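Data block below; observations after.
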Number of protein chains: 2
Amino acid sequence: MIKVAIVEDNNTLRNSLTKLLNQTEGMQCVASLPNLLNVVSDLRKSQPDIVLMDIGLPNISGIEGVRTVKENFDNIQVLMFTVFDDDEKIFEAIQAGACGYLLKKSSPEEITDAIVSLYQGGAPMSASIARKVIHSFQQSSPSGLSEYQLTTRENEILYSLVEGLSYKKLAEKYFISISTIRTHIKHIYEKLHVHSKAQAVAKALKKG
Amino acid sequence: MIKVAIVEDNNTLRNSLTKLLNQTEGMQCVASLPNLLNVVSDLRKSQPDIVLMDIGLPNISGIEGVRTVKENFDNIQVLMFTVFDDDEKIFEAIQAGACGYLLKKSSPEEITDAIVSLYQGGAPMSASIARKVIHSFQQSSPSGLSEYQLTTRENEILYSLVEGLSYKKLAEKYFISISTIRTHIKHIYEKLHVHSKAQAVAKALKKG
DNA sequence: AAGTCAATCCCATAAATGGGTGATTTTTAA
DNA sequence: TTAAAAATCACCCATTTATGGGATTGACTT
């Protein structure tokens, strides 16, 4: 039984959502709130698995709401509920801790599907949001490894060390002899000031 | 017209994919490669919009392939192509710059749909991968290493492995014999599904 | 033309590691 | 209170790694 809480200021919508959830098998609406005023104590009482949160709440926005929920409850997943496919807002909500979002124009089926998907570890969202998330996630630190001045070959090999390859596998991968692999790794160790594969891997991952 | 390049070692599959793409309206296969050997020059000639990349290529893996492509071509989007729904690998590929993935068992329609979706700015991927990306992006994945159920001792030792200590040093540090260290490490390997210190360190750092 | 550096290779040896099997004691959980 | 899990230790064997040395080729710089 998936326990869901709703935070939505529009009374009509909130009520029909509550009905929908309670009529759906395996689902139960354990709280139905018009705003975030007492959200922490309300959720503490009702102990939902999932909160369906309107993103455009008056006064305190749903994005703040996500933050509040996530700070106080580790195990509650938040699904944003919004009228517009507003990438910016949704993106912010996800940064704040939401795991997905749902358009208000969605059909009853889509709504319950999204809730189930979220409950099962998914992340219901549109393609464009997904791409946005992925991008901001990819553009990470400009390699702190470069300070060590590894050559191209050395960098390649260091990457592969992180993958856990042995000298033999490395040799096969790059079509060179184990001796050469050894030499390269010697140089890598010198440059990184380490003395084992494990240390090199650790340093490689901590930097770039 | 969406120009697609394919990198796939299985000849049969590669050929039928090529056919599929060429038979699909608005799509064209401009390169069909069995490996990554000359991928940079090949792609420079064919100038695809999208690369469909097998994740499990022999020798140089598709994950490296993504890195290579992304380093050399800003505007090419990479779609991973994989047999298994292997979260770890796919996640790595996305970190490396892929924008989505596709299962090999997908229907022709699903394949072309995913390509179109990618071309239009989407990010075709499964719910569980999406969630994983979101989590690592929220930088607060509470799960992390704990999913492996390491004991207190095993966790201590794993931390020290990351520091680069040898078995001998570990034994001295914890006032126990090297044999015991070995045993603990064996258990750690079993639980993490790895077979070397380097792999364990990599996994430890990638998770918690 | 001389020098540097990356990349390639080889030899040899000692230490460290990974895999397997088996055992005892203490702690924890059912 | 019994069973399971954790922590401890030992032995064997094959492979891998680390470390030391030395060497050649080609590309690029000066």
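Values reported hereafter were calculated over all heavy atoms of this structure, with side chains retained and with hydrogens, waters and symmetry mates removed. Keep in mind it's a predicted model, so treat the numbers as computed, not measured. By convention in this document, chain letters (A, B, ...) are assigned in the order of the sequence lines, proteins followed by strands, and residues within each chain are numbered from 1.
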Taking only the side-chain nitrogens and oxygens of A/H195, find out if one of them lies under 4.0 Å from OP1 or OP2 of D/dT19. yes
If you compare every side-chain N and O of A/Y167 against the phosphate oxygens of D/dA18 (OP1, OP2), does one of them come in below 4.0 Å? yes
Side chain of B/H184: nearest nucleotide among D/dA6, D/dA7, C/dG19? D/dA7
Between atom CG in B/L170 and atom C1' in C/dA16, what is the gap in whole Å? 12 Å
For B/E156 and B/Y174, run side-chain contact (heavy atoms from CB on, under 4.5 Å): C-alpha distance rounded to whole Å, both residues' side-chain angles, the deciding distance at 0.1 Å, then the answer. CA-CA 9 Å; B/E156 285 174 352; B/Y174 295 111; 3.6 Å; yes
Could you walk me through whether B/K104 and B/T82 pass the side-chain hydrogen bond (donor to acceptor under 3.5 Å, both in side chains) test, one step at a time? CA-CA 6 Å; B/K104 289 195 179 175; B/T82 174; over 6 Å; no
Quick one: label B/K197 by what it contacts on the DNA or RNA (base, sugar-phosphate, nothing), any heavy atom closer than 4.0 Å. sugar-phosphate
Does NZ or CZ of B/R182 fall inside the cone over B/Y167's six-membered ring, less than 6.0 Å from its centre and within 45° of the axis? no
Calculate the interatomic distance between A/K186 atom NZ and D/dT19 atom P; express it in whole Å. 10 Å
For B/A198 and for A/F175, find the nucleotide of DNA chain C with the closest heavy atom, then tell me which residue's nucleotide is more 5'. A/F175
Within this structure, what is the CD1-to-C1' distance between B/I181 and C/dT17, rounded to whole angstrom? 13 Å
side-chain contact (heavy atoms from CB on, under 4.5 Å) with B/V78: which of B/L118, B/V66, B/I94? B/V66
Starting at CG of A/N155 and ending at C1' of C/dA6, how long is that distance when rounded to a whole Å? 13 Å
Among C/dA16, D/dC9, D/dA6, the one nearest B/K168 by side-chain distance: C/dA16
Here the distance between atom C1' of D/dA6 and atom CD1 of B/I185, to the nearest Å, is 16 Å
Per nearest nucleotide of DNA chain D, the residue lying toward the 5' end, A/T183 or B/T151, is B/T151
Out of C/dT8, C/dG19, D/dA18, which has the shortest distance to the side chain of B/R182? C/dG19
Under 4.0 Å, heavy atoms only, any strand: does B/S196 hit a base, just the sugar-phosphate, or nothing? sugar-phosphate
Would you indicate what A/S179 reaches in the nucleic acid, counting non-hydrogen atoms under 4.0 angstrom: base, sugar-phosphate, or nothing? base
Between P of C/dA16 and CG of B/L161, the distance in whole Å: 15 Å
Do any N or O atoms from the side chain of A/S177 and from the backbone of A/T180 form a donor-acceptor pair under 3.5 angstrom? yes
Less than 4.0 angstrom between a side-chain N/O of B/T180 and OP1 or OP2 of D/dC9, yes or no? yes
Among C/dT21, C/dA7, D/dT16, the one nearest any side-chain atom of A/S166 is D/dT16
It should be established whether A/S177 places a side-chain nitrogen or oxygen under 4.0 Å from OP1 or OP2 of nucleotide C/dC9. yes
Using a cut-off of less than 4.0 Å, is there contact between a side-chain N or O of B/Y189 and OP1 or OP2 of C/dG19? no
If you measure from the Lys or Arg side-chain nitrogens to the Asp or Glu carboxylate oxygens, is any gap between B/K186 and B/E154 under 4.0 Å? no
A/E156 CD to C/dT8 P: how many Å, rounded? 9 Å
A/H187 NE2 to C/dT4 C1', straight-line distance once rounded to whole Å: 13 Å
